[in-house]
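Just so it is clear, the structure is predicted and the values come from calculations on it, not from any experiment. Per chain, numbering begins at 1; letters A, B, ... match sequence-line order.
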2 protein chains.
Amino acid sequence: MPVKTSAQPSANPRKKPRQARAQATVDAILQAAAHILVGQGFEGFNTNVVAERAGASVGSLYQYFPNKEAIISEMVRAKRARLLNGLQAAEAAHQESELPEALAALVAATIAHQKGWPQLSQALDRAAALVPLSVEGTALTAAILELLQRVLRRHDVADVEIAALDLLSLCRGMIDGALLRGETDTAALQARVMRAASGYLGIAVT
Amino acid sequence: MPVKTSAQPSANPRKKPRQARAQATVDAILQAAAHILVGQGFEGFNTNVVAERAGASVGSLYQYFPNKEAIISEMVRAKRARLLNGLQAAEAAHQESELPEALAALVAATIAHQKGWPQLSQALDRAAALVPLSVEGTALTAAILELLQRVLRRHDVADVEIAALDLLSLCRGMIDGALLRGETDTAALQARVMRAASGYLGIAVT
DNA sequence: TCAATATGTGAGTGATTACTCATATTTTGG
DNA sequence: CCAAAATATGAGTAATCACTCACATATTGA
């Protein structure tokens, strides 16, 4: 009857997967976590069921994630990284373009990013507010904002800090809402978002 | 985390407060619930602590709310009702106005509504996604959308269903974001939202 | 071949918490 | 003044769940 200490959320640094087998386990856990989050919501998201769905044991899960929140945190981090990637590609492709074209490319990248699995996108956005984000996750968010500010500044937009935040909120709201209610015509969605964004910036729509 | 209990979360219809004393208890519970939700988030929101903060006992709480979710549900219902009220007043005051003026009034009403306690607004919006809303709450949401559609239709906007949803998403995103990061200049916020909304509708800003 | 290391296991532990119920107190109507 | 109705109480109950640990199995590298 080993009297053990109460289960405390240890901040222990966990192992990094070094063998392919371990990486597969981590991937399976993240996959399972995504399904649970979408299917049962944050409420039904618990480590036991995530491990079970992943075909692993809770013990394995805790080898790679120090606590429940870290799983969500990693999913958010990965998603932000993908978005930043898309936006960077759009930025690079429009170094010489005018603002409307550059903006259109950024909006298109954002729509494409959310389009794949909008329910997961939404669930992660919500969950991100409930768990402490990793420093890397926070840094990615900042990087996304900075990219936007950079593009706006290059085209002499005023108040770039506020404008970047507003445009991000505006796009996220519209895109999230539209994709969640099942819209599939992304071209039409893109056009509507561009009307709002262009109006905000006081430029003509292309 | 919250889960069901052995004794099934009875869907029993609970008592309505008939004496002033009872109404005061209910009010105190809702007040306390708001503070807890803002302070500890949905995670830390549990019936024991809500009752304690309200200066009542858990037993009393369960006299008036069939379960934990019902508390949130009622808060959401009340908030939606207040928003609808504000929008109806704006609509009534602009039966004869042109679209830009009517729209401005609706935006102003929305900003005023969120402005009082933006953290609570946000917390409730998030929480609304986690609990089953009452039929009345759902009906209020529908009524808000219908009001918007009615105004747009009166001014011959095309695709009113989509437009109403887009405008709501757009406004909510921008207003929520701005107020949460501490913006206090509501006139400036109003102007920015109007630029986006006007751009969306293809009308000139007033 | 064979240690050393990496990975996997899952029953068990303590903490939390939604909700009940037997009982006590207050208010009301006549 | 008094019963009936309304309201309040809070210890207790069973369920859930994050997390650990002692141990088993697989892989690696020399």
Side-chain angles (χ1 to χ4, degrees), chain A residues 1-29 32-33 36-37 40-73 130-132, chain B residues 1-29 32-33 36-37 40-73 130-132:
Chain A
M1 310 54 270
V3 172
K4 296 305 163 191
T5 59
S6 70
Q8 297 217 358
S10 62
N12 285 348
R14 297 305 159 113
K15 287 172 185 161
K16 291 275 187 193
R18 312 176 86 83
Q19 302 177 1
R21 176 170 64 126
Q23 185 58 56
T25 300
V26 170
D27 292 345
I29 287 169
I36 303 283
L37 200 60
Q40 326 302 137
F42 191 80
E43 291 275 74
F45 185 91
N46 73 65
T47 53
N48 295 306
V49 59
V50 167
E52 187 183 22
R53 164 129 205 185
S57 65
V58 240
S60 289
L61 188 155
Y62 279 95
Q63 298 243 346
Y64 304 108
F65 298 94
N67 52 50
K68 180 173 109 154
E69 283 77 23
I71 305 173
I72 307 262
S73 183
L130 303 176
V131 308
Chain B
M1 253 111 280
V3 181
K4 307 296 180 260
T5 265
S6 63
Q8 53 259 11
S10 61
N12 284 349
R14 297 304 160 114
K15 285 173 187 161
K16 292 274 186 192
R18 311 177 86 83
Q19 303 177 0
R21 177 170 63 128
Q23 185 59 56
T25 302
V26 169
D27 292 345
I29 288 168
I36 303 283
L37 199 60
Q40 326 303 135
F42 191 81
E43 292 275 73
F45 185 91
N46 73 66
T47 53
N48 296 306
V49 59
V50 166
E52 187 183 23
R53 164 129 205 186
S57 67
V58 241
S60 290
L61 188 155
Y62 279 96
Q63 298 245 343
Y64 305 108
F65 298 94
N67 51 53
K68 181 172 108 154
E69 283 77 21
I71 305 172
I72 308 263
S73 184
L130 302 176
V131 308

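- Between B:T25 and D:dT7 there is no side-chain polar atom (N or O) within less than 4.0 angstrom of OP1 or OP2.
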Derivation of the side chain to side chain donor-acceptor pair (under 3.5 Å) call for B:N48 and B:E52: CA-CA 6 Å; B:N48 296 306; B:E52 187 183 23; over 6 Å; no
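- Shortest non-hydrogen contact noted between B:P132 and B:S73 is O-OG, 3.8 Å.
- Rounding to whole angstrom units, NZ of residue B:K68 and P of D:dT16 are separated by 15 Å.
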Polar-atom pairs under 3.5 Å, protein N or O versus N or O of nucleotides 22-30 of chain C: list them with distances, or write none.
none

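- The listed nucleotides are C:dA11, C:dT20, C:dA18; the one nearest the side chain of B:N46 is C:dA18.
- Look at CG on A:L61: it is 15 Å from P on D:dC17, rounded to the nearest Å.
- When rounded to the nearest whole Å, the span between CD of B:Q40 and C1' of C:dT16 equals 15 Å.
- Separating the CD atom of A:E43 from the C1' atom of D:dT16 is a distance of 12 Å, rounded to the nearest angstrom.
- One interatomic measurement links the two molecules: OH of B:Y62 to P of C:dT20, which rounds to 7 Å at whole-angstrom precision.
- The phosphate of D:dA8 has OP1 or OP2 within less than 4.0 Å of a side-chain N or O from B:Y64.
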Test side chain to side chain contact (heavy atoms under 4.5 Å, CB included) applied to A:I72 and A:L130, step by step: CA-CA 9 Å; A:I72 307 262; A:L130 303 176; over 6 Å; no
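- Within 4.0 Å of A:F65, counting heavy atoms only, lies no atom of the nucleic acid at all.
- If you check every strand for non-hydrogen atoms under 4.0 Å, A:A56 touches sugar and phosphate atoms only.
- Protein atom CD of B:E52 is 15 Å distant from nucleotide atom C1' of D:dA11, rounded to whole Å.
- Taking both residues in full, the closest heavy atoms of B:G44 and B:I36 are given as O-CG2, 3.9 Å, listed atom of the first, atom of the second, then distance.
- Closest contact between the side chain of B:A22 and the listed nucleotides C:dT9, C:dG8, D:dT7 involves D:dT7.
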CA sep, side-chain torsions, deciding dist, call: B:F65, B:T47, side chain to side chain contact (heavy atoms under 4.5 Å, CB included): CA-CA 10 Å; B:F65 298 94; B:T47 53; over 6 Å; no
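- Phosphate contact (OP1/OP2 of C:dG10, side-chain N/O of A:S57, threshold under 4.0 Å): absent.
- Distances shown here put a side-chain N or O of A:T47 below 4.0 Å from the OP1 or OP2 atom of D:dA18.
- To the nearest 0.5 Å, atoms CD (B:E43) and CD (A:E69) are separated by 7.0 Å.
- Rounded to whole Å, the distance from CZ on B:R18 to P on D:dA4 is 18 Å.
- Of the inter-residue distances, the one linking A:Y64 atom OH with A:D27 atom CG reads 11.0 Å to the nearest 0.5 angstrom.
- Across the protein-nucleic acid pair, A:Q23 atom CD and C:dG8 atom C1' stand 16 Å apart, rounded to whole Å.
- Along DNA chain C, the nucleotide nearest A:G55 and the nucleotide nearest A:N48 are compared for position; the residue whose nucleotide lies closer to the 5' end is A:G55.
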